[in-house]
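Written out below as structure tokens is the structure these notes cover.
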Amino acid sequence: MSDKPTPLSGFPELLPEHRVVERAVIASLSRTFELHGFANIETRAVEPLERLSKGGEIDKEIYVLRRLQAEDSAGDSGLALHFDLTVPFARYVLEHAGKLEFPFRRFQIQPAWRGERPQEGRYRQFTQADIDIVGRDTLGFHHDVEVVRVMAEALAELPLPGLSIQVNNRKLIQGFYRGLGIPDVTAAIRQIDKLDKQEPGAVVALLVSEAGASEEQAWRCVEMARLRTSDTVYLREYVEGLGVEDELLATGLDELVAVVDGCAGVAGERVRVEANLRIARGLDYYTGTVLEIFLDGYERLKSIGGGGRYDALASDGRTTYPGVGVSFGVSRTVVPLLADGALAPGRKVPSLVLVALADEESRPASDAVARALRSRGIATEVAASPQKFGKQIRYAERRDIPYVWFPATDGSDGTDGGTDHQVKDIRSGDQSAADPHSWTPAEETEK
RNA sequence: GUGGGUGUAGCUCAGCUGGUAGAGCGCUGCGUUGUGGUCGCAGAUGCCGCGGGUUCGAGUCCCGUCACUCACCCCA
């Protein structure tokens with residue numbers, strides 16, 4: 001008992017019937033991404049620490065690697081586990097720039113690690129699915145629209161509740177703040193991001209104290225952030241009606257309208273793309289489009305995905321590689337939904353057929369049946385031991401194997417003239433004669 | 001990192017003001033001797049998280065510790 005391992009908080013491990021769902025999600029996402037020409041890559045789990053830590057809040061969540069033999073705590077290797085897929089990707093682009101074709105579009109589905117306190121939907125190891133498009137020196141704005149569309153399409157294919165992709169634009173925010181005359185625009189963005197958990201009055205106070213805004217300016221920031229709509233005509237009216245003139249603001253508004261309008265085609269009942277002027281994103285490398293994804297009914301999970309435009313995340317000094325991308329939290333979404341039954345578990349075992357075993361002497365006959373079925377792509381296993389058939393049926397039932405196959409007997413054991421092959425659908429109880437070289441399972445049991 | 005909650009059978013949990021451990025589900029067997037699911041009967045299973053203290057006696061009270069969990073912070 002004391003030998004029984006206890007769970008490690010924040011490192012979720014799925015049972016087979018749950019893992020099969022996660023794998024289906026990953027396969028579905030991959031299919032959609034590839035349909036749009038995104039190539040897959042996998043980056044190493046580890047990056048040099050100084051590349052990861054750029055002085056953000058996230059620094060203290062980084063797991064550092066250290067050899068056990070290292071003399072003391074100062075002896076870390078300078079290597080650390082990546083905490084997202086964007087930073088490693090930027091490094092990858094710089095490192096392999098000479099061998100890549102630009103604009104480079106890739107998707108990446110991998111674990112990432114963060115040393116924070118776990119909670120529902122927040123883990124220390126989690127799988128993330130990212131798509132990005134990166135250009136050399138320049139990257140057309142239409143790619144902003146494209147990545148959002150692709151992710152919207154990919155998410156629409158998944159068996160999830162409804163969700164919304166809420167889009168904003170850093171240029172719009174910055175231009176508005178600049179036009180308003182706020183001294184510290186960056187600080188103001190960080191504060192306005194807190195609107196969803198703080199009272200407007202509290203955020204106003206922060207804007208005044210942290211960003212040097214006047215009280216009146218602060219209230220206008222809060223007012224601007226209030227709008228959330230998928231109606232871009234109204235969006236334009238509203239923003240222009242705020243009475244702030246700024247070139248950057250106008251550009252940002254145009255871009256935001258373009259993204260929302262550009263996604264109108266894929267947006268449907270379950271996946272909505274809308275403008276939300278409160279979305280800012282904490283990370284400071286975003287320069288234009290920013291977005292976050294929220295699951296209907298699971299707002300408590302906060303965003304299940306996010307992303308945006310970054311014009312200068314990767315640069316080797318001579319060349320800059322602007323990019324735009326979106327990431328989706330696979331673990332963050334799948335694990336809580338499985339836990340509360342919103343996602344139905346899959347089967348525990350891939351086998352569709354269990355071939356019964358009469359006795360050890362007839363194992364070759366059972367194996368032959370299994371081989372015939374497998375040769376036609378039907379996942380099949382042979383019973384582990386020649387127990388009573390009732391037991392063997394229960395074995396199949398417990399593993400969610402829908403069919404049990406009773407091999408033919410040739411009558412050589414003297415019982416009678418022998419029997420035909422029989423296959424039983426244990427969900428319905430129906431049993432009938434069948435030929436292992438031609439029998440196929442009913443439609444609905446195929447994956 | 002800070003604060004709250006919880007650790008009892010494989011799982012979910014009960015166990016009163018301290019008196020030597022329980023239920024449901026699951027599991028095993030039998031009824032049913034090579035066709036499951038229902039039903040009935042029988043059975044197995046616990047260092048009561050760990051360490052210390054109080055006590056004649058601790059699952060129960062006290063202290064510590066570890067783990068899990070929730071919230072804050074931050075984010076996928």
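Under the Watson-Crick or G-U wobble criterion, with both distances below 3.5 Å, B/rU12 is paired with B/rA23. Within the shown strands, B/rC41 is the pairing partner of B/rG29 under the Watson-Crick or G-U definition, both distances less than 3.5 Å. Both distances falling under 3.5 Å, in either a Watson-Crick or a G-U wobble arrangement, occur for no nucleotide opposite B/rG59. As the counterpart of B/rU54, no nucleotide is assigned, since no Watson-Crick or G-U wobble pattern has both distances under 3.5 Å. Of the nucleotides present, B/rG5 is the one that pairs with B/rC68 by Watson-Crick or G-U wobble criteria, both distances under 3.5 Å.
Residue A/Arg398 places at least one side-chain N or O closer than 4.0 Å to OP1 or OP2 of B/rC27. For B/rU28, the OP1/OP2 oxygens have a side-chain nitrogen or oxygen of A/Arg394 closer than 4.0 Å. Residue A/Thr333 has no polar side-chain atom (N or O) positioned under 4.0 Å from OP1 or OP2 of B/rA76. A sub-4.0 Å separation between OP1 or OP2 of B/rG29 and a side-chain N or O of A/Lys391 is present. Note on A/Gln119: a side-chain N or O is less than 4.0 Å away from OP1 or OP2 of B/rA71. Here A/Arg281 reaches the OP1 or OP2 of B/rA76: one of its side-chain N or O atoms lies under 4.0 Å away.
Nearest-nucleotide positions on RNA chain B place A/Arg117 closer to the 5' end than the other of A/Gln431 and A/Arg117.
The nucleotide whose nearest atom lies closest to any side-chain atom of A/Glu116 is, among B/rA76, B/rU2, B/rC68, B/rA76. Among B/rC74, B/rU35, B/rA76, the nucleotide with an atom closest to any side-chain atom of A/Lys194 is B/rC74. Considering only the side chain of A/Thr6, B/rA67 comes nearest among B/rC68, B/rC74, B/rA67. Side-chain proximity of A/Gln128 to B/rA76, B/rG36, B/rA71: nearest is B/rA76. Checking B/rU2, B/rG36, B/rA76 against the side-chain heavy atoms of A/Ile426 singles out B/rG36 as nearest.
One C1' atom belongs to B/rG1, the other to B/rC74, and the distance between them is 12 Å to the nearest Å. Atom C1' of B/rU45 sits at a distance of 11 Å from the matching atom of B/rU28, rounded to the whole Å. The same atom, C1', is picked in B/rC13 and in B/rU6; the two are 13 Å apart, to the nearest Å. If you take atom C1' in B/rC30 and the same atom in B/rG52, they sit 49 Å apart, rounded to whole Å. On the C1' atoms, B/rG51 is 15 Å away from B/rA67, given to the nearest whole Å. Rounded to a whole angstrom, the distance from the C1' atom of B/rU65 to that of B/rA42 is 44 Å. Distance check on atom P: B/rA21 versus B/rG49 gives 14 Å, rounded to whole Å. The C1' atoms of B/rG3 and B/rG10 are separated by 34 Å, rounded to the nearest whole Å.
Atom CD1 of A/Ile109 and atom C1' of B/rA76 are 13 Å apart (whole Å). Whole-Å rounding puts the A/Leu160 CG to B/rA76 C1' distance at 14 Å. What separates CZ of A/Arg399 from C1' of B/rC27 is a distance of 14 Å, to the nearest Å. We find that CD of A/Glu397 is positioned 12 Å from P of B/rG26, with the value rounded to whole Å. Whole-Å rounding puts the A/Phe107 CZ to B/rA76 P distance at 21 Å. If you measure from atom CZ of A/Phe406 to atom C1' of B/rU35, you get 5 Å, rounded to the nearest angstrom. Counting to the nearest Å, the P atom of B/rU33 and the CD atom of A/Gln392 are 15 Å from each other. For the pair A/Ile401 CD1 and B/rG37 P, the interatomic distance rounds to 17 Å; values are reported in whole Å.
Residue contacts shown for A/Tyr395 are absent, as no nucleic acid heavy atom lies under 4.0 Å away. Within 4.0 Å of A/Ala129, counting heavy atoms only, lies no atom of the nucleic acid at all. Counting any heavy atom pair closer than 4.0 Å across all strands shown, A/Leu85 reaches no nucleic acid atom.
The heavy-atom pair separating A/Val145 from A/Gly262 by the smallest distance is CG1-CA, 3.8 Å.
Salt-bridge annotation for A/Arg281 and A/Asp193: absent, with no side-chain N of the basic residue lying under 4.0 Å from a carboxylate O of the acidic one. Of the charged side-chain nitrogens involved, none lies within less than 4.0 Å of a carboxylate oxygen, so that A/Arg226 and A/Glu223 do not count as a salt-bridged pair. With respect to A/Arg272 and A/Asp296, a salt bridge is recorded, a charged nitrogen being found less than 4.0 Å from a carboxylate O. One finds no salt bridge joining A/Glu146 and A/Arg149 here, because no Lys/Arg side-chain nitrogen approaches an Asp/Glu carboxylate oxygen to under 4.0 Å.
Paired with A/Asp132 under the rule side-chain hydrogen bond (donor to acceptor under 3.5 Å, both in side chains), one option of A/Arg106, A/Gln108, A/His143, A/Arg105 passes, and it is A/Arg106.
Scanning atom types as modelled, no donor and acceptor separated by under 3.5 angstrom connect the side chain of A/Glu120 and the base of B/rA71.
Annotation for A/Glu95: atom CD counts as buried by contact number, over 12 foreign heavy atoms lying within 6.0 Å. Environment of CD in A/Glu299: crowded, with over 12 heavy atoms of neighbouring residues, nucleotides or ligands closer than 6.0 Å.
Here A/Phe126 packs flat against the base of B/rA76; its ring centre is closer than 5.5 angstrom to the base's six-membered ring, tilted by less than 30 degrees.
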